[in-house]
Protein chains: 2
Amino acid sequence: MLELDETPLRMTSQRKVIIDELRGLRTHPTADELFLRVRKKRPRISLSTVYRNLEQLAGCGLIQKLDLCGSQRRYDGDTAAHHHVRCLRCGRVDDIPSEAMGDLRKGVCKTCDYEIIGYRLEYLGFCPRCRKQVRRGKPVKPKPRKKG
Amino acid sequence: MLELDETPLRMTSQRKVIIDELRGLRTHPTADELFLRVRKKRPRISLSTVYRNLEQLAGCGLIQKLDLCGSQRRYDGDTAAHHHVRCLRCGRVDDIPSEAMGDLRKGVCKTCDYEIIGYRLEYLGFCPRCRKQVRRGKPVKPKPRKKG
DNA sequence: ATAATTGCAAAACATTTGCGGGCAT
DNA sequence: ATGCCCGCAAATGTTTTGCAATTAT
């Protein structure tokens, strides 16, 4: 597993607590959930520091930013590609172990223990127009920050 | 297809323009994208009216609220369940026609004409804890609005 | 020493809500 | 006439950013 001291990032205590806490969880917390936990160990830490670090750690490949349902982004200490289950009632998010993938019809999934109601599938790629732009070397820029 | 006059909603001109515009698009606009278009026909309409109507129309089943990648919610005039492709460069979202589902490996999808880079799969259901709550009749409430 | 990083405050964004007046029924 | 709905403005919730002080290198 990639470690903090193998990156260009400085090893601050805040950073270390953030990454340790995140890696110790299997629930893929939002930034503010993580903030509440981290604050128990470092009471003076700020929410911006948490956000900033999550961004940087994801940029270095030490953690993964998730873009799932819901209004808040979630973060994952496991950088391997895998899928997730989200609870429709409490919002908790867990991993789908690869062994469970065959077991995901309606009803209770034996391996992940969720009652599966449905799923959401979104493909990602380049539309016809952008394919050309990308081939011509124009960079992938997601969309200007506001006001067109 | 379900129509406006079959719902308890009043048939205001704003509402009609919103639903017509949305149904005429295949790109699943965000609220503000739709607002810009609708404003050409009704220059005095407000963004809140667009949001409020999208919410109500989705509640009545005339349109569909989408919860895809990205920071903004998108809306779909087609209420049938289906999947989507999102362009990683411009953010455009299109339908995946069901005939295309077999054609979605890496490379250019013949039917939808996107270059497919990957996909995102999220299962939805009830976690072990909430399963019990739901069985006891406790309602599905997503999470209190803020401040615990 | 120097440059990255922090905490705080404020800005930026996306969405929702309160209200008084207007319009569909 | 009733009350749903509109536009406007303000509030809310999430994430980002500017800045001066602090800290890892």
So A:His28 and A:His84, would you call those rings parallel, tilted or perpendicular, with 30° and 60° as cut-offs?
perpendicular

Are the side chains of B:Glu33 and B:Gln72 in touch, meaning some heavy atoms are under 4.5 Å apart?
no

Kindly give the heavy-atom pair with the smallest separation between B:Arg92 and B:Asp94, and that separation in Å.
NE-OD2, 2.6 Å

Taking OP1 and OP2 of [N], is either one under 4.0 Å from a side-chain nitrogen or oxygen of [X]?
X	N	result
B:Arg15	D:dC5	yes
B:Arg73	C:dT16	yes
B:Gln14	C:dC23	no

Treating A:Arg131 as the side-chain partner and B:Asp113 as the backbone partner, does any N or O pair qualify as donor plus acceptor under 3.5 Å?
yes

Please check: side-chain N/O of A:Arg129 versus main-chain N/O of B:Cys90, any donor-acceptor pairing under 3.5 Å?
no

Run the ring pair (Phe, Tyr, Trp, His ring centres under 6.0 Å) test on A:His83 and B:Tyr119 for me, step by step, so that the C-alpha distance in whole Å, both residues' side-chain angles and the decisive distance to 0.1 Å come before the verdict.
CA-CA 10 Å; A:His83 302 297; B:Tyr119 67 97; 5.6 Å; yes

Would you say the base of D:dC4 and the side-chain of B:Arg10 have a donor-acceptor pair closer than 3.5 Å?
yes

Pull out every residue in residues 43-63 of chain A that has a heavy atom closer than 4.0 Å to any atom of DNA chain C, ordered by number, or say none.
A:Arg44, A:Ile45, A:Ser46, A:Ser48, A:Thr49, A:Arg52, A:Asn53, A:Gln56

Whole angstrom is fine here: how far is it from CZ in B:Arg74 over to C1' in C:dA14?
13 Å

Taking Watson-Crick (N1-N3 plus N6-O4 or O6-N4) and G-U wobble (N1-O2, O6-N3), each under 3.5 Å, can you produce the dot-bracket string of DNA chain D? Use [ ] for crossing pairs and | for inter-strand ones.
|||||||||||||||||||||||||

